[in-house]
Amino acid sequence: MKAFVVHEIRHMDSLFKRLEKWLLVFLLGFMIGFSLLQIVLRNVFSTGFVWGDSLLRHAVLWISLLGAGRATAEDKHIRIDLLPRLLPASGGAWVSLLTDCFACLVCVILIHASWNFLTYETMAGTRAFGQIPLSWLEAVFPFSFAVMAVRFALRAFSGINSITAKTQERDS
Amino acid sequence: WAAPQHEIKLATLAPENSSLMNIFNRMNDELQKATNGRLGFKMYAGFVLGNEADVLRKLRIGLVNAAIFTNTALTDINPDLRVLQVPFLFNNYEEVDDVLGKVRAGLAKGFAAKGFEVLGFPELGFIYFMSREPIADLPDLKGKKVWAQADAPMAKAFVDSVGVSTVAITAPDVLMALQTKLVDVVYNSPYYALITQWYTQVKYLTDLPLSYIGGCLLMDKKAFDRLPEDLQQTLREITAKYIDVLVKKTRQDNDEALEVMLKRGVQKILPSAAQAGNFRDLSAQVIEGLGPQILPRDFLGQVRSELADFRASPQ
Amino acid sequence: MTYVISALLVLLALSGTPLFIVISAAALVSFYVLGVDLSVVIIEMYRLAANPMLIALVLFAFAGYVLAESGASTRLVKLSRAVFGRMPGGLAVVTLVVCALFTALTGASGVTIVALGGILLPALLADSYSEKFSLGLLTSSGSLGVLFPPSLPLIIYGVVTETSIPHLFLAGLLPGLLMVVLLSLYGIHHGRHTIVPTRFSSRNLRQAAREAFWEMLLPVVVFGGIFGGFLVLSEAAAITVAYVLLVEMGIHREVKLNDMPAIVIKTVMMVGGIIVILGASLAFNSFLIDQQVPNRILELMRTYVDNKYVFLLILNFFLLIVGCVLDVFSALVIVVPLIVPLAASYEVNVLHLGIIFLTNLQIGYSTPPIGMNLFIASLRFDRPIVQLSLATLPFLGILLLALAIITFFPPLSLVLIH
Ligand code: NA
Ligand code: NA
């Protein structure tokens with residue numbers, strides 16, 4: 001039953017990865033295109049969007065947080081893995097399991113913190129530009145931390161599987 | 001002083017060791033003395049807590065209890081403040097003082113409804129156009145690259161209607177943008193232009209107040225209500241007294257900064273009555289086009305009638 | 001209790017927990033203990049969205065990855081060999097100068113390594129510099145040039161301390177050159193042992209220049225756009241992207257449209273990895289500021305130190321740590337107002353102090369184990385922090401020598417002003 005749920009989550013994550021890829025390509029393409037548009041508007045047509053810079057900076061926020069989510073899936077975060085190198089392989093597996101669980105826990109707390117943040121922002125009713133609530137642009141926080149939490153959890157499950165597989169191998 | 005029993009964390013954008021911080025330190029001393037050390041401030045100067053929007057967020061969650069803002073940062077909370085920033089609304093500080101004296105209670109009530117106690121109305125002061133070429137009349141702005149502060153719908157609406165090219169960049173980038181001629185026209189208070197050294201890159205200052213930038217000393221209402229009543233009273237009195245001192249000092253600093261700028265080669269451009277009229281007419285026309293959710297009509301009417309009364313009364 | 005939690009977090013960090021998780025956890029625990037709503041951590045991370053430099057970071061990073069996919073580094077090596085001929089260490093000197101100029105524009109925000117690393121590392125390796133030397137050179141050059149105009153940190157120092165910015169630019173010139181020259185000498189020294197010098201021939205030079213023509217035009221486009229008053233930095237970055245795409249996809253045809261998604265993913269993972277660490281650091285910094293930690297340290301110094309040179313020595317030590325821990329803008333607005341009156345009481349010139357301050361921050365950026373340049377280089381070059389730390393050591397030694405000269409020989413900073 002549990003294995004089934006994990007399998008389903010893994011499947012959804014791989015579907016999401018494809019969506020994520022195109023979303024990121026779109027966001028970066030938009031950043032480049034919109035910046036070029038601003039340059040042309042100002043230097044050729046003597047106009048431009050005052051909120052353009054704010055929009056671009058939020059695009060950076062989205063790209064960074066979604067990028068950090070992707071880096072979680074591909075194991076590209078900066079880490080100092082001094083201890084696991086000093087330990088035997090089986091010990092290393094346990095240490096990885098521990099750090100993945102810890103990372104997942106921290107991401108869950110960050111989701112909670114982001115949720116509070118969004119609640120305050122919605123109550124404050126701050127507008128970004130036009131009449132768009134700023135909180136829409138900030139919603140990327142809980143979303144990305146959720147993506148990271150799931151991916152750290154999936155890594156932890158892989159860790160458990162490989163540890164139990166090794167144990168069974170040794171027992172038989 | 002030992003840490004007071006009730007400590008108010010106060011954030012200001014005034015730099016550490018500045019004359020303004022000096023006033024806050026005196027305010028803190030007097031407050032502690034008057035309350036026998038029961039009430040005092042813990043001060044966070046400069047931009048250490050982030051920009052005004054960041055400080056406002058920290059005020060809401062209680063990381064700081066009180067903070068000094070310019071009105072620009074507070075217009076989402078209290079849209080009435082935009083009315084006071086309408087371009088070319090006030091001609092001089094006498095008008096500002098008279099009108100503010102009459103509308104302050106109403107503004108404080110608006111803030112109370114949003115969970116803030118107003119402890120005073122400091123100011124940045126009048127801001128002026130500063131430029132590489134003289135700006136005496138509307139047509140002088142045509143073809144210039146004018147700095148546009150993001151999130152300032154009124155400035156944006158005004159500048160748009162003149163039909164000039166705007167450059168939206170953050171304040172720290174303005175100096176370099178002036179150097180590379182990416183912008184030709186900027187605006188701020190003389191004191192700000194002096195300390196940021198913008199004045200070294202402009203030749204002219206248009207001697208017509210572009211807009212009045214007021215401010216508020218806000219305290220989180222929950223933190224204020226937690227204080228015993230006698231301390232609330234003392235706090236109100238002492239902050240009111242020192243904000244008055246602060247406003248006087250700000251005006252003096254602005255005057256002196258202008259003197260320094262003129263001495264160092266910036267020229268003052270004085271628009272004629274007709275030219276100033278052109279600016280005001282355009283401003284009036286522009287604000288008609290802004291929706292009531294941006295510019296509350298009732299309050300605009302009130303401020304205009306107070307102004308008319310003051311201008312009609314014998315000085 | 002504090003010690004137990006700190007020890008646990010250090011242990012988790014050494015066990016390979018992603019650093020942004022460790023720093024976030026430190027911030028979360030600290031604010032939880034203070035009884036502050038945890039959303040403060042997100043408030044701080046959200047300050048990233050107010051940092052205009054990050055737009056340039058993302059765009060230059062992307063341009064850097066596109067260049068790395070192309071044959072640009074081969075063309076660069078060929079050109080540098082053709083220009084320098086028998087002179088050893090030519091490419092190392094070119095690398096130093098290019099990084100310094102680029103950092104002057106981008107202000108030690110990590111953009112240099114991210115934008116130029118992908119093309120310069122393969123170039124250095126192809127020109128038979130050792131991997132250790134190349135990694136160390138690029139990591140420590142990532143913030144070289146912060147003393148040259150129009151560096152934004154220098155401008156902000158001028159604004160915060162209310163000193164003349166043109167004077168600061170003059171004050172930074174010789175100290176900045178000193179560091180470039182010392183590192184260049186080391187590069188030449190290193191190159192003498194490893195590099196086979198080629199004979200200079202003008203035919204070679206013409207051919208190499210023709211091949212690298214479009215890439216050579218890139219700096220002209222960037223610097224020309226900014227100093228011509230057409231572009232702000234982030235826009236110059238967008239133009240760079242457009243130009244690089246045009247050259248590598250349209251003219252050289254070495255990068256294909258199909259490669260784009262993979263390049264985008266590489267870019268965003270690196271940028272995301274850097275920015276979440278910056279965000280988490282902002283959150284933890286905010287706790288240190290709330291507790292007024294920098295103020296307390298400087299207060300201690302005021303109490304116990306009374307000799308000017310002892311003060312400068314301790315100040316250097318303190319600032320190196322600040323450079324490791326804080327990003328350059330926080331350091332400027334938080335620490336500078338605190339040390340200026342302190343330095344004045346020891347009769348240290350405020351211009352000289354600014355140069356000392358920024359030199360320290362620059363060096364702190366590549367100081368093991370937590371200098372930001374190390375993290376960025378680790379992500380960009382896909383090498384462990386430990387390896388990069390070791391590679392950086394000789395360069396760090398040279399920079400510390402320069403720092404000592406700058407600190408204890410004030411005329412170097414002040415002679416051009418008088
Ligand atoms: Na840099
Ligand atoms: Na740093």
Side-chain angles (χ1 to χ4, degrees), chain A residues 21-22 24-25 27-29 31-36 38-39 42-43 53-54 56-61 63-72 74 76-84 95-96 98-100 102-103 105-107 109-110 112-120 137-138 141 152, chain C residues 11-22 24-25 28 37-43 45-46 48-52 54-55 57-59 62 225 230-231 234-235 237-239 241-242 245 260-261 264-265 267-277 279 369 375 378-379 382 384-386:
Chain A
K21 179 170 88 182
W22 291 112
L24 284 164
V25 170
L27 281 171
L28 193 62
M31 266 187 79
I32 298 163
F34 190 79
S35 303
L36 294 175
Q38 287 273 71
I39 299 169
R42 191 181 62 240
N43 286 299
D53 193 56
S54 171
L56 283 173
R57 282 185 277 113
H58 281 91
V60 170
L61 188 73
I63 285 179
S64 316
L65 285 167
L66 292 172
R70 184 63 171 221
T72 310
E74 319 256 330
K76 290 281 184 196
H77 278 295
I78 300 173
R79 50 176 91 231
I80 309 170
D81 47 353
L82 208 60
L83 282 186
V95 170
S96 298
L98 178 76
T99 59
D100 287 336
F102 177 71
L105 174 73
V106 171
C107 285
I109 301 173
L110 285 172
H112 165 77
S114 316
W115 193 256
N116 285 359
F117 173 75
L118 277 192
T119 314
Y120 288 123
L137 296 175
E138 298 161 341
F141 277 108
F152 279 121
Chain C
L11 202 64
L12 279 162
L14 294 179
S15 304
T17 310
L19 278 177
F20 92 93
I21 292 286
V22 178
S24 300
L28 288 166
D37 190 299
L38 293 184
S39 64
V40 64
V41 172
I42 310 297
I43 292 178
M45 290 185 176
Y46 184 59
L48 291 171
N51 185 341
L54 295 183
I55 301 174
L57 179 81
V58 173
L59 294 175
F62 180 64
F230 304 106
L231 307 171
S234 61
E235 293 173 341
I239 292 281
V241 169
L245 287 176
M260 276 307 130
V264 170
I265 292 294
T267 307
V268 300
M269 286 199 302
M270 177 182 65
V271 167
I274 295 169
I275 289 182
V276 286
I277 289 190
F375 299 160
S378 161
L379 277 177
D382 211 2
I385 301 262
V386 180

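To find a chain, count down the sequence lines: A is the first, B the second, and so on, and within it residues start at 1.
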Nearest 0.5 Å, please: how far is [atom2] in [Y] from [atom1] in [X]?
X	Y	atom1	atom2	result
C:Thr17	A:Phe102	OG1	CZ	6.5 Å
A:Leu110	C:Phe20	CG	CZ	7.5 Å
A:Thr99	C:Ile21	OG1	CD1	10.0 Å
A:Ile78	C:Leu379	CD1	CG	3.5 Å
A:Thr72	C:Met269	OG1	CE	10.0 Å
C:Leu28	A:Ile109	CG	CD1	6.0 Å

Can you tell me which portion of [X] sits under 4.5 Å from chain C's heavy atoms? Options are side chain, backbone, both or neither.
X	value
A:Leu105	neither
A:Phe152	side chain
A:Trp22	side chain

Next item on the list: List in chain and number order the residues that pass side chain to side chain contact (heavy atoms under 4.5 Å, CB included) with C:Ile275, two or more places apart in sequence or in another chain; answer none if no residue qualifies.
Entry: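 A:Val60, A:Ser64, C:Leu48, C:Leu54, C:Leu57, C:Val271.
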Note to self: For a side chain to side chain contact (heavy atoms under 4.5 Å, CB included) check, start with the C-alpha distance between C:Leu59 and A:Ser35, then their side-chain angles and the critical distance, and finish with the verdict.
What the structure shows: CA-CA 10 Å; C:Leu59 294 175; A:Ser35 303; 4.2 Å; yes
Segment of [X] engaging chain A (4.5 angstrom heavy-atom cut-off):
X	answer
C:Met260	neither
C:Pro261	both
C:Tyr46	both
C:Ile277	side chain
C:Ile43	both

Check: Which of the residues A:Ile32, A:Leu36, A:Leu65, A:Leu83 is involved in the greatest number of heavy-atom pairs with chain C at under 4.5 angstrom?
Finding: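 Top count of heavy-atom pairs under 4.5 Å with chain C: A:Leu83.
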Margin query: I'd like to know which of A:Ala68, A:Ala113, A:Ala103 tops the heavy-atom pair count under 4.5 Å against chain C.
Written below: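 Greatest number of close heavy-atom pairs with chain C: A:Ala113.
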Next item on the list: For C:Leu231 and A:Ile39, run side chain to side chain contact (heavy atoms under 4.5 Å, CB included): C-alpha distance rounded to whole Å, both residues' side-chain angles, the deciding distance at 0.1 Å, then the answer.
Entry: CA-CA 7 Å; C:Leu231 307 171; A:Ile39 299 169; 3.7 Å; yes
Check: Is the C:Phe375 to A:His77 ring centre distance short of 6.0 Å?
Finding: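 Centroid separation for C:Phe375 and A:His77: 6.0 Å or greater.
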Next item on the list: For atom OH of A:Tyr120, decide whether the heavy atoms of other residues, nucleotides or ligands shown that lie under 6.0 angstrom number more than 12.
Entry: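 Yes - once you tally the heavy atoms of other residues, nucleotides and ligands closer than 6.0 Å, there are more than 12.
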Checklist line | Intermediate values then yes/no, side chain to side chain contact (heavy atoms under 4.5 Å, CB included), A:Leu98 and C:Ser15 | finding: CA-CA 9 Å; A:Leu98 178 76; C:Ser15 304; 5.8 Å; no
Checklist line | Working for side chain to side chain contact (heavy atoms under 4.5 Å, CB included), residues C:Met45 and A:Leu61 | finding: CA-CA 9 Å; C:Met45 290 185 176; A:Leu61 188 73; over 6 Å; no
Next item on the list: Determine whether C:Val22 and A:Arg79 make a side-chain contact, defined as any pair of heavy atoms from C-beta on separated by less than 4.5 Å.
Entry: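 They are not in side-chain contact.
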Notebook entry, point to check: If you count heavy-atom pairs under 4.5 Å between each of C:Ile385, C:Asp37, C:Val58 and chain A, which one has the most?
Noted result: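 Option with the greatest count: C:Asp37.
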Next item on the list: Quick one: list whatever passes side chain to side chain donor-acceptor pair (under 3.5 Å) with A:Arg70, sequence neighbours left out.
Entry: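 Once residues adjacent in sequence are excluded, the partners of A:Arg70 under the side chain to side chain donor-acceptor pair (under 3.5 Å) criterion are A:Glu20, A:Glu74.
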